[in-house]
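Reminder, nothing fancy here: chain letters follow the sequence lines and each chain counts from 1. Quick caveat, the model's predicted, so the values are computed rather than measured. Any value given below was found using the heavy atoms of this structure, including those in side chains, with hydrogens, waters and symmetry copies removed.
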There are 2 protein chains.
Amino acid sequence: MTDNEVVTTWRELSARHAAIVSDLERELQDRHELGVSEFEVLDRLVEGVCLSADGKFRVQELAAGVSLSQSALSRLIARLEKAGFVLRSMCADDRRGVFVTLTDAGRIRHSEALPTQRRVLREHLASTPQG
Amino acid sequence: MTDNEVVTTWRELSARHAAIVSDLERELQDRHELGVSEFEVLDRLVEGVCLSADGKFRVQELAAGVSLSQSALSRLIARLEKAGFVLRSMCADDRRGVFVTLTDAGRIRHSEALPTQRRVLREHLASTPQG
DNA sequence: ACGCATTAAATGCTTGTGCATTGAATGCAT
DNA sequence: ATGCATTCAATGCACAAGCATTTAATGCGT
């Protein structure tokens with residue numbers, strides 16, 4: 001792969017990403033009052049319920065899925081809590097940690113927003129050979 | 001392409017983009033005191049010199065290449081000008097427009113940063129089948 | 001020529017992000 | 001047990017981004 005090919009690939013990747021994020025942001029915001037990052041965190045929480053026994057997550061565990069700094073994630077969770085979509089609770093075994101749990105409202109909002117996200121992603125990514 | 005495949009594709013695209021931007025940001029900032037967006041604008045200007053007669057660009061024309069809002073681009077150019085990398089000048093034919101031109105300092109800084117950018121991109125993108 | 005909608009770019013304002021720091025809890029070594 | 005480095009999450013701070021608005025210039029219709 002030549003440098004020029006690498007640069008071209010990067011620009012395509014970058015442009016595609018920007019276009020999708022832009023669309024997602026607009027649609028999720030307008031229809032469900034959710035930012036892309038907010039939705040993604042809810043999404044991880046919903047997915048995780050299947051995996052975890054009690055549906056509790058350390059903030060740290062959520063960080064893995066979302067590409068955000070620790071501080072950004074901390075504030076994002078604070079916003080979600082303020083909106084009533086998650087609860088924060090101390091964890092007994094390590095009192096530095098914080099458990100994040102979905103509320104019913106959070107689950108509902110996520111389920112409402114999910115089709116919108118899927119639709120936007122499909123519009124951009126479906127029917128293209130390598131994504 | 002199923003919805004699950006679409007979502008998987010999106011997450012990969014997203015994660016890859018985040019990783020590259022993160023690396024680029026750190027390397028360009030540490031080594032050349034340039035942000036990713038700053039570098040990209042300089043990059044478009046350098047490329048454009050070959051295409052345009054006088055190397056002058058309307059702000060609007062630059063917006064096409066970079067995925068930034070009009071206001072963000074306006075301030076970015078203001079920063080570049082403050083740093084001495086570009087000049088802004090009125091254009092005679094349409095006095096609403098603004099011409100942006102690279103300075104020598106801008107050209108030099110770009111040429112210094114270019115290998116760094118290429119290296120980071122290569123580290124991430126080279127040798128992968130579909131980029 | 002005049003008014004009016006339109007366009008280019010800059011700016012006020014709000015918000016989200018990252019870096020660095022802080023505060024608290026943990027664990028490990030002595 | 002005590003001290004010290006480490007880890008988790010929150011917070012102060014600075015800055016960049018987007019939206020909405022503003023200012024200035026243009027062009028079109030009458």
Side-chain angles (χ1 to χ4, degrees), chain A residues 14 17-30 33-42 56-83 85-101, chain B residues 14 17-30 33-42 56-83 85-101:
Chain A
S14 195
H17 179 265
I20 297 176
V21 167
S22 167
D23 268 23
L24 271 181
E25 199 76 58
R26 184 168 33 69
E27 294 284 304
L28 288 176
Q29 194 59 251
D30 289 359
E33 292 181 348
L34 280 178
V36 172
S37 298
E38 278 82 357
F39 175 83
E40 263 168 29
V41 168
L42 291 183
K56 295 186 176 186
F57 283 86
R58 300 285 291 263
V59 172
Q60 204 183 358
E61 296 175 285
L62 289 171
V66 192
S67 301
L68 282 178
S69 69
Q70 180 264 319
S71 66
L73 185 58
S74 176
R75 287 179 224 264
L76 174 45
I77 291 171
R79 289 198 297 277
L80 288 177
E81 187 181 39
K82 195 174 169 189
F85 297 147
V86 304
L87 287 177
R88 277 189 289 195
S89 53
M90 296 297 119
C91 36
D93 54 329
D94 181 350
R95 291 164 60 204
R96 292 168 301 183
V98 167
F99 276 140
V100 181
T101 48
Chain B
S14 195
H17 179 265
I20 297 176
V21 167
S22 166
D23 267 22
L24 271 181
E25 199 75 59
R26 184 168 33 70
E27 294 283 304
L28 288 176
Q29 195 58 250
D30 289 358
E33 292 181 349
L34 279 178
V36 172
S37 299
E38 279 82 356
F39 175 83
E40 262 168 29
V41 168
L42 291 183
K56 294 186 176 185
F57 284 86
R58 301 285 291 265
V59 172
Q60 206 183 357
E61 296 175 286
L62 288 172
V66 192
S67 302
L68 281 179
S69 70
Q70 180 266 320
S71 66
L73 185 58
S74 176
R75 286 180 224 265
L76 174 44
I77 291 171
R79 287 198 297 276
L80 288 176
E81 187 181 40
K82 195 174 172 189
F85 296 147
V86 303
L87 287 177
R88 275 190 291 194
S89 54
M90 296 299 118
C91 36
D93 54 329
D94 183 350
R95 291 165 60 205
R96 291 168 302 182
V98 168
F99 277 140
V100 181
T101 47

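- For C:dT17, the OP1/OP2 oxygens have a side-chain nitrogen or oxygen of A:S37 closer than 4.0 Å.
- For the side chain to side chain donor-acceptor pair (under 3.5 Å) test, residues two or more places apart in sequence or in another chain that qualify with A:R88 are A:E81.
- Each side chain to side chain donor-acceptor pair (under 3.5 Å) pair with one or both residues in residues 58-69 of chain B, not counting sequence neighbours, appears once here: B:S69-B:S71.
- Residue A:Q29 places its CD atom among more than 12 non-hydrogen atoms of other residues, nucleotides or ligands, all under 6.0 Å distant.
- Annotation: salt bridge (Lys or Arg N to Asp or Glu O under 4.0 Å) contacts involving residues 62-73 of chain B, sequence neighbours excluded, are absent.
- Nucleotides of DNA chain D that come within less than 4.0 Å of any heavy atom of chain B span, from the 5' end to the 3' end, D:dA16 to D:dT26.
- Remark: B:F99 CZ to B:C91 SG distance equals 4.0 Å, nearest 0.5 Å.
- For the atom pair B:L28 CG and B:E40 CD, the distance stands at 9.5 Å (nearest 0.5 Å).
- Under the rule for a side chain to side chain contact (heavy atoms under 4.5 Å, CB included), the partners of B:A83 that lie at least two apart in sequence or sit in another chain are B:F85.
- Put simply, CD on A:Q70 and CG on A:L62 are 12.0 Å apart, with the number rounded to the nearest 0.5 Å.
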What string of B, S and - do you get for nucleotides 7-15 of chain C, 5' to 3', if B is base contact, S is sugar-phosphate-only contact and - is no contact with any protein heavy atom under 4.0 Å? BSBBBBB--
